[in-house]
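What follows is a single structure, written as structure tokens, with notes after it.
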Amino acid sequence: MTKFPFHNKDIKLAMLGMTEGNGHAYSWSIIINGEYDLKALSKCPYPGIINYISKQPKNTLGIKNTKVTHVWTEDVKESKLVSDIAKIPNIVEKPEDVIGKVDAVLISTDIGSEHIARCRPFVEAGIPIFVDKPLCDSLADLETFDKWVKEGSNILSSSAMRYAKEAEPYHQSTYELGKLQYVSVTMAKSWETYGIHALELMYPILGPGFESIQNTGRKNRNFLHIRHKSSIDINIADIYDMYGGFGLVSLVGTINNIQFQHKDTFYAFKKQLVAFVDYLRTGIRPFPWSETYELIQLVAAGIESRDKGGVKISFNGGK
């Protein structure tokens with residue numbers, strides 16, 4: 001295989017894994033490959049994917065000189081459907097079968113506690129990896145990933161919310177709001193899997209330096225208070241079935257405020273995947289590893305705080 005980074009070569013990718021409620025193997029493969037079988041797409045078990053993919057002009061699909069050439073999921077019937085929809089030529093019997101046949105892999109599953117085991121064969125083989133959010137959900141696993149990265153493994157992970165179109169203007173500046181004082185974010189599904197969406201949606205706006213987190217909620221109703229070094233207070237409400245509040249953000253300053261909600265799923269996924277391919281070509285991370293480290297600290301601390309009855313957990317932020 002060509003040595004990383006890959007520069008202008010044609011890149012072959014493997015799409016690996018699928019967990020309940022997460023259809024990224026379908027959507028990511030379509031977005032990367034730039035084409036899909038319309039009849040097969042109608043059988044996709046995720047209506048939301050059918051909806052936003054079918055609305056995209058064909059010229060917005062695809063990443064130049066990059067293809068998903070291999071797929072594996074836990075169910076061979078699902079693998080076959082992903083293959084049919086996104087026109088992936090090779091279905092493998094087990095994830096390790098792609099070693100030596102692709103340039104990089106995407107772990108398209110969102111159960112963080114499984115990601116060490118899913119990534120280990122590819123770390124050991126020296127294959128670059130993109131890991132779906134969250135990278136992991138415990139400090140012990142985070143330290144393992146940190147060790148791998150420091151040893152030279154090319155591992156990238158992010159929430160697509162980092163690339164939310166609606167938030168991008170505020171990555172650069174919030175000056176029209178005055179001094180930013182308060183941020184709130186609402187999110188659906190579990191803190192373990194979707195808390196990272198809320199965190200990474202606000203992270204490029206606030207930057208590093210989170211000082212404490214406190215989760216006074218319970219398993220399916222998480223309520224968090226987070227403190228940033230800039231004296232900004234953040235509240236996150238993550239309620240399992242609160243889909244009406246998915247990615248709703250309020251930014252409040254001393255003289256003005258703004259509220260926006262993430263809506264354009266395709267834009268965020270496409271930009272996230274392009275960032276990974278750019279990393280494969282250049283070897284330059286789209287954002288520092290230290291940001292992922294700090295974000296996963298927050299995910300893990302949010303779980304710990306809740307499980308300990310809402311205790312406040314303090315840390316210096318980052319690494």
Side-chain angles (χ1 to χ4, degrees), residues 1-2 4-18 22-73 78-92 98 101-109 127-133 154 156-166 168 262-287:
M1 305 301 293
T2 305
F4 176 90
F6 304 132
H7 302 294
N8 294 323
K9 80 175 292 289
D10 289 349
I11 293 176
K12 296 179 180 179
L13 301 174
M15 193 68 63
L16 303 176
M18 191 176 297
N22 183 344
H24 291 173
Y26 292 102
S27 55
W28 288 1
S29 297
I30 295 168
I31 291 168
I32 293 167
N33 282 2
E35 57 182 344
Y36 58 88
D37 183 282
L38 185 60
K39 184 177 179 181
L41 180 64
S42 68
K43 300 176 184 177
C44 177
Y46 296 93
I49 292 176
I50 298 173
N51 182 46
Y52 74 74
I53 287 294
S54 61
K55 289 179 179 178
Q56 294 304 313
K58 291 297 178 65
N59 64 357
T60 66
L61 297 172
I63 299 178
K64 186 178 179 181
N65 298 331
T66 306
K67 291 291 182 183
V68 178
T69 59
H70 293 70
V71 62
W72 173 87
T73 73
E78 195 118 51
S79 299
K80 180 67 166 58
L81 184 55
V82 175
S83 171
D84 288 346
I85 290 173
K87 301 184 178 182
I88 302 170
N90 302 290
I91 300 171
V92 296
V98 306
K101 299 175 182 176
V102 298
D103 301 297
V105 302
L106 297 99
I107 306 296
S108 49
T109 62
I127 297 175
I129 310 167
F130 183 85
V131 189
D132 190 15
K133 57 87 191 105
N154 300 300
L156 188 67
S157 180
S158 72
S159 158
M161 297 301 97
R162 173 180 285 271
Y163 301 99
K165 178 169 65 178
E166 301 80 3
E168 284 183 342
H262 166 67
K263 294 288 188 180
D264 196 333
T265 302
F266 175 82
Y267 179 92
F269 279 153
K270 175 71 179 288
K271 196 160 185 179
Q272 178 186 41
L273 294 167
V274 168
F276 176 55
V277 172
D278 286 347
Y279 172 52
L280 295 178
R281 294 199 181 283
T282 66
I284 301 170
R285 290 182 172 275
F287 50 88

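- Atom NZ in K67 sits 11.0 Å away from atom CG in L13 (nearest 0.5 Å).
- The minimum heavy-atom distance linking A160 with Q272 is given by the pair N-NE2, 3.3 Å.
- Under the 4.5 Å side-chain criterion, counting only non-hydrogen atoms from C-beta, T265 is not in contact with S27.
- A heavy-atom distance below 4.5 Å is not found between the side chains of K101 and T69.
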What donor-acceptor contacts under 3.5 angstrom involve side-chain atoms of residues 274-281, with partners at least two apart or in another chain?
{"unit_1": "Y279", "atom_1": "OH", "unit_2": "N154", "atom_2": "OD1", "d": "3.3"}
{"unit_1": "R281", "atom_1": "NH1", "unit_2": "H7", "atom_2": "O", "d": "2.6"}
{"unit_1": "R281", "atom_1": "NH1", "unit_2": "K9", "atom_2": "O", "d": "2.7"}
{"unit_1": "R281", "atom_1": "NH2", "unit_2": "K9", "atom_2": "O", "d": "3.4"}
{"unit_1": "R281", "atom_1": "NH2", "unit_2": "K64", "atom_2": "O", "d": "3.3"}
{"unit_1": "R281", "atom_1": "NH2", "unit_2": "N65", "atom_2": "O", "d": "3.1"}
{"unit_1": "R281", "atom_1": "NH2", "unit_2": "T66", "atom_2": "OG1", "d": "3.4"}

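- The side-chain hydrogen bond (donor to acceptor under 3.5 Å, both in side chains) search around T73 returns S79, not counting sequence neighbours.
- With rounding to the nearest 0.5 angstrom, the OG1 atom of T282 is 7.0 Å from the CZ atom of F4.
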Test side-chain contact (heavy atoms from CB on, under 4.5 Å) applied to L273 and L106, step by step | CA-CA 10 Å; L273 294 167; L106 297 99; 3.8 Å; yes

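- From S159, atom OG reaches atom NZ of K133 across 7.0 Å, with rounding to the nearest 0.5 Å.
- With sequence neighbours excluded, no residue forms a side-chain hydrogen bond (donor to acceptor under 3.5 Å, both in side chains) with E35.
- Side chain of N33 to backbone of A86: a donor-acceptor contact under 3.5 angstrom is found.
- Checking side-chain atoms of D103 against main-chain N and O of K12 turns up a donor-acceptor pair under 3.5 Å.
- Side chains of Y267 and E168: a donor on one and an acceptor on the other come within 3.5 Å.
- For K87, the NZ atom counts as densely surrounded, since its 6.0 Å shell holds more than 12 non-hydrogen atoms of other residues, nucleotides or ligands.
- Here I32 contributes atom CD1 and K270 contributes atom NZ; the two are 10.0 Å apart, rounded to the nearest 0.5 Å.
- Atoms OH and OG, from Y36 and S29 in turn, are 14.5 Å apart once rounded to the nearest 0.5 Å.
- From M15, atom CE reaches atom CD1 of I30 across 10.0 Å, with rounding to the nearest 0.5 Å.
- Counting heavy atoms from C-beta on, the side chains of D132 and T109 never come closer than 4.5 Å.
- Atom CG of N8 has 12 or fewer neighbouring heavy atoms from other residues, nucleotides or ligands inside a 6.0 Å radius.
- The aromatic rings of Y52 and F269 are tilted relative to each other, their planes meeting at an angle between 30° and 60°.
- Residues passing the salt bridge (Lys or Arg N to Asp or Glu O under 4.0 Å) test with K165 are D264, sequence neighbours excluded.
- Under the ring-ring contact (aromatic ring centres under 6.0 Å, His included) criterion, H70 pairs with no residue, sequence neighbours left out.
- By the side chain to side chain contact (heavy atoms under 4.5 Å, CB included) test, Y46 is found to be paired with Y26, C44, I49, residues two or more places apart in sequence or in another chain being considered.
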